[in-house]
Enquirer: 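Dumping the structure here so I can ask a few things about it.
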Protein chains: 4
Amino acid sequence: MSPKVTEAYKEEKRASLLAGALRCFLDKGFQATTTDDIARHLRISKGTLYGYFTSKEEIYIQLAHARMDDMIESLNTLYVETSSAKAMLRHMFERFRRQPLDELRKWLTFHLEFTTYASRRPELIASNRAYLNKALNLLNRILTSGKQAGEFRADLDESSAAYLFWAVRDGLALSFLLDGDDNEYRRILDDMEDMVMKHLTA
Amino acid sequence: MSPKVTEAYKEEKRASLLAGALRCFLDKGFQATTTDDIARHLRISKGTLYGYFTSKEEIYIQLAHARMDDMIESLNTLYVETSSAKAMLRHMFERFRRQPLDELRKWLTFHLEFTTYASRRPELIASNRAYLNKALNLLNRILTSGKQAGEFRADLDESSAAYLFWAVRDGLALSFLLDGDDNEYRRILDDMEDMVMKHLTA
Amino acid sequence: MSPKVTEAYKEEKRASLLAGALRCFLDKGFQATTTDDIARHLRISKGTLYGYFTSKEEIYIQLAHARMDDMIESLNTLYVETSSAKAMLRHMFERFRRQPLDELRKWLTFHLEFTTYASRRPELIASNRAYLNKALNLLNRILTSGKQAGEFRADLDESSAAYLFWAVRDGLALSFLLDGDDNEYRRILDDMEDMVMKHLTA
Amino acid sequence: MSPKVTEAYKEEKRASLLAGALRCFLDKGFQATTTDDIARHLRISKGTLYGYFTSKEEIYIQLAHARMDDMIESLNTLYVETSSAKAMLRHMFERFRRQPLDELRKWLTFHLEFTTYASRRPELIASNRAYLNKALNLLNRILTSGKQAGEFRADLDESSAAYLFWAVRDGLALSFLLDGDDNEYRRILDDMEDMVMKHLTA
DNA sequence: AATGAATGAGAGTTCATTCAT
DNA sequence: TATGAATGAACTCTCATTCAT
């Protein structure tokens, strides 16, 4: 295969390469995954990989950014579809609860490795921060609208609460990174939801 | 020159080597730090390093374990010295607040890199889990004693709350890993303290 | 669309491809020029390139040979048009003088890279030697005719002088390969002309 | 072998590695010689090579510079030992004549490949030019002293003649790079000597 | 006990060439 | 005929570990 391939085909292929690389990174981590691993897993040559991406790092970064784009995007969708602020937060907790722990673990490991990686590369810090800010801003808007609608207490510091919301969620996932079972995880998520809601309302 | 001091001397030296290696890992991360870096920083030879440790990985693991030992130890000390459960929690928050962000960042990066590292090595998961359990148990005891003393609400689920406490704290640090300033961090810690305390009491 | 033109068309195209490849080689050198560079520069595909030439090396060799053919050819033309031997040599020096240094440098670099390249491939040595011989023979004929016409000294060793003529010229270009300005170069060329002429006449 | 090796030993080893690498470069050229070739030839590991040099390029450059240093050095020695300017030039021609063609070819190939290589790296042009200038300056001094001593004509342009001297010599070697026999080479060198001397004196 | 030169497997990346379309 | 995606061998360079001294 090869001549005058459509742009769409290339895009699709690119996506499939990314997907394959992601599997490798999720399994072994970025540093431990070699370009040979990725190529072998995809049953392509290393040269092909470099025809689509300029470096192993680029694949990693694109993957991480795509992941964050998806999260922001899906939150935005949820936001548009949901009327009340409280309902939105409940939805989000519901989502957290639904995600199986083993899946969450893989993603979190990926995310953490990328974060530590990014923390040593000044050029990545800004983009990473931008994603975090999007998530914080979205929550800020939700909280503000909820406050105006009287769903939350009048003296709520939304910006601070937005941080808390994500902190609480990421921190719990971190506690369960190495082990722990789904039921316990969900039970604590329930308590966490109570805690946060209480904090927002009274 | 040294007839019997040997054992004590070796232990001391070992500790000093660990301290030097730690500095390197904190600065550049585990993967990016070479054994040459460590030996150069310590002004010893790589051979000597390998006389005290069997591998770079062993140094890393011992460091991580020592770090967790210290934390548990210092919490235990604090526990013994503090009478009321509430006071103990306040103390802990006070500590969090006092730690400068840039120092916290280095430690957290170290901790996260180790956690992701450990998550791929089954033989490390158990020991890591043991440390987490110690911290959780300690908090459990505190919370239980506070509950019995009437400081916290009667229907508090201590085990769940113990998770929440650590989750909340680690999660916030994670939010500030890449940037953010000390003042904002402390402001949110204050809110976090409120939230947690409210959750424990009512 | 093209029933019979094919052969001529192909030859023409072949020549235009060579011209484009030459530009690349002059700019970056043989080794540093990739087939991608050439194809991109020519706005054709690599496949097309390989339809006209069997390898990158073949392009290079054809280019080098074409260059030498051109030189021999132009010398021959000059030879036919010029009556006296002395006048012919003067003409050649005049040509050397007229060539801008930066252009000369590119060609010389190309020539030298090819020469070193050829020196490792026995199969290229013969053809290269053939070209050199043509140039030497031509000069030999000129010198001999000048000697017979009494323009040069009677005991002149034409074969040796022919070598000297080219040696002197290539050597000077080599001295100016890395830097030096046009005026200095021409001044020395003048002296060189004196030296050679003196050598031929007395 | 390995602990506390003397500085002298290391320097010696370094020199032996350079010598081995030189053999490879002389045989196959810089680009065609791989680091594996060098290591295999030296019966050491590639890692060792990189313990002594930071890159393949560094080896190459050191070799080229050392070669030029030697030439300058030996010329200087000759200069000091020789009284008359004419005698010095004769000596130099004598040397040219004595060098076997096959040896000269290897060195010239090396030199030319390095020169074309250097011509594309701005950072090398300066140092290369410096070497050329040293050679030119030395000759300049010789010619000037000869002129003052009345050995050469009074209106001699020494700077120009210095260029001519080297040009003539390098150019002739270039003519014999691919083939030609020693006797013919020497015969032409004799004529060349005549030509240059004539140019200097009358 | 301490040294650091030596190792060598393996990393990421490049590029002349091929061939299905 | 022209295309350019695919190939894969080969490249330079790294670094945890060893071991003769």
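These figures come from a predicted structure and were not determined experimentally. In what follows, chains are A, B, ... by sequence order, proteins preceding strands, each numbered from 1.
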Enquirer: Measure CG/Leu42(D) against C1'/dA5(E) and give the value in whole Å, please.
Expert: 15 Å

Enquirer: Would you indicate whether the side-chain heavy atoms of Arg23(D) and Lys106(D) approach each other to under 4.5 Å?
Expert: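 Side-chain contact under 4.5 Å: yes.
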
Enquirer: Under 4.0 Å between a Lys/Arg side-chain N and an Asp/Glu carboxylate O for Asp27(A) and Arg120(B)?
Expert: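 Not counted as a salt bridge, because no side-chain N and carboxylate O are separated by less than 4.0 Å.
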
Enquirer: Report, as a single string ordered 5' to 3', how protein heavy atoms within less than 4.0 Å touch nucleotides 7-12 of chain E: B base, S sugar-phosphate only, - not at all.
Expert: BB-BSB

Enquirer: If I take atom CD in residue Glu58(A) and atom P in nucleotide dT14(E), what distance separates them, rounded to the nearest angstrom?
Expert: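 Roughly 12 Å, once rounded to whole Å.
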
Enquirer: Taking atom P of dA6(F) as reference, at what distance in whole Å does atom CZ of Phe53(A) sit?
Expert: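 Spelled out: CZ on Phe53(A) to P on dA6(F) is 11 Å.
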
Enquirer: Mind calculating the distance between CD (Glu11(D)) and C1' (dA5(E)) to the nearest angstrom?
Expert: 15 Å

Enquirer: Could you report the tightest heavy-atom contact between Leu124(D) and Ala118(D), atom names first, then the distance?
Expert: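 Taking every non-hydrogen atom into account, CB-CB, 3.9 Å.
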
Enquirer: Applying the ring-ring contact (aromatic ring centres under 6.0 Å, His included) test to Phe110(C), which of Tyr117(C), Tyr60(C), Phe30(C) qualifies?
Expert: Tyr60(C)

Enquirer: Just the rounded figure in Å: distance from P of dC15(E) to CZ of Arg40(C).
Expert: 11 Å

Enquirer: Please list all pairs meeting salt bridge (Lys or Arg N to Asp or Glu O under 4.0 Å) that have one or both residues in residues 60-70 of chain C, counting only residues at least two apart or in different chains.
Expert: none

Enquirer: Give the stems involving DNA chain E, where a stem is 3 or more consecutive Watson-Crick or G-U wobble pairs (i with j, i+1 with j-1, and so on) under 3.5 Å.
Expert: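 Ordered by first number, the stems with DNA chain E (at least 3 consecutive pairs each) read E:2-21 with F:2-21.
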
Enquirer: Lys28(B) NZ to dT14(F) P: how many Å, rounded?
Expert: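 Atom-to-atom, Lys28(B) to dT14(F), this comes out as 12 Å.
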
Enquirer: Side chains of Ser45(A) and Thr48(A): any donor to acceptor distance under 3.5 Å?
Expert: yes

Enquirer: Please give me the minimum heavy-atom distance between Ala39(A) and Leu49(A), naming the atom from each residue.
Expert: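 What the structure gives for the nearest pair is N-CD2, 4.4 Å.
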
Enquirer: How do Lys13(C) and Tyr52(A) order along DNA chain F: which one's closest nucleotide is nearer the 5' end?
Expert: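 Final value for this comparison: Lys13(C).
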
Enquirer: Just wondering, do Met71(C) and Trp107(C) contact through their side chains at under 4.5 Å, heavy atoms?
Expert: no

Enquirer: In whole angstrom, what separates Glu57(C)'s CD from dC15(E)'s C1'?
Expert: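 It works out to 16 Å between those atoms.
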
Enquirer: Counting only heavy atoms from other residues, nucleotides and ligands, does the tally under 6.0 Å from CD of Glu12(A) exceed 12?
Expert: no

Enquirer: For dA6(F), does OP1 or OP2 lie under 4.0 Å from any side-chain N or O of Tyr9(A)?
Expert: yes

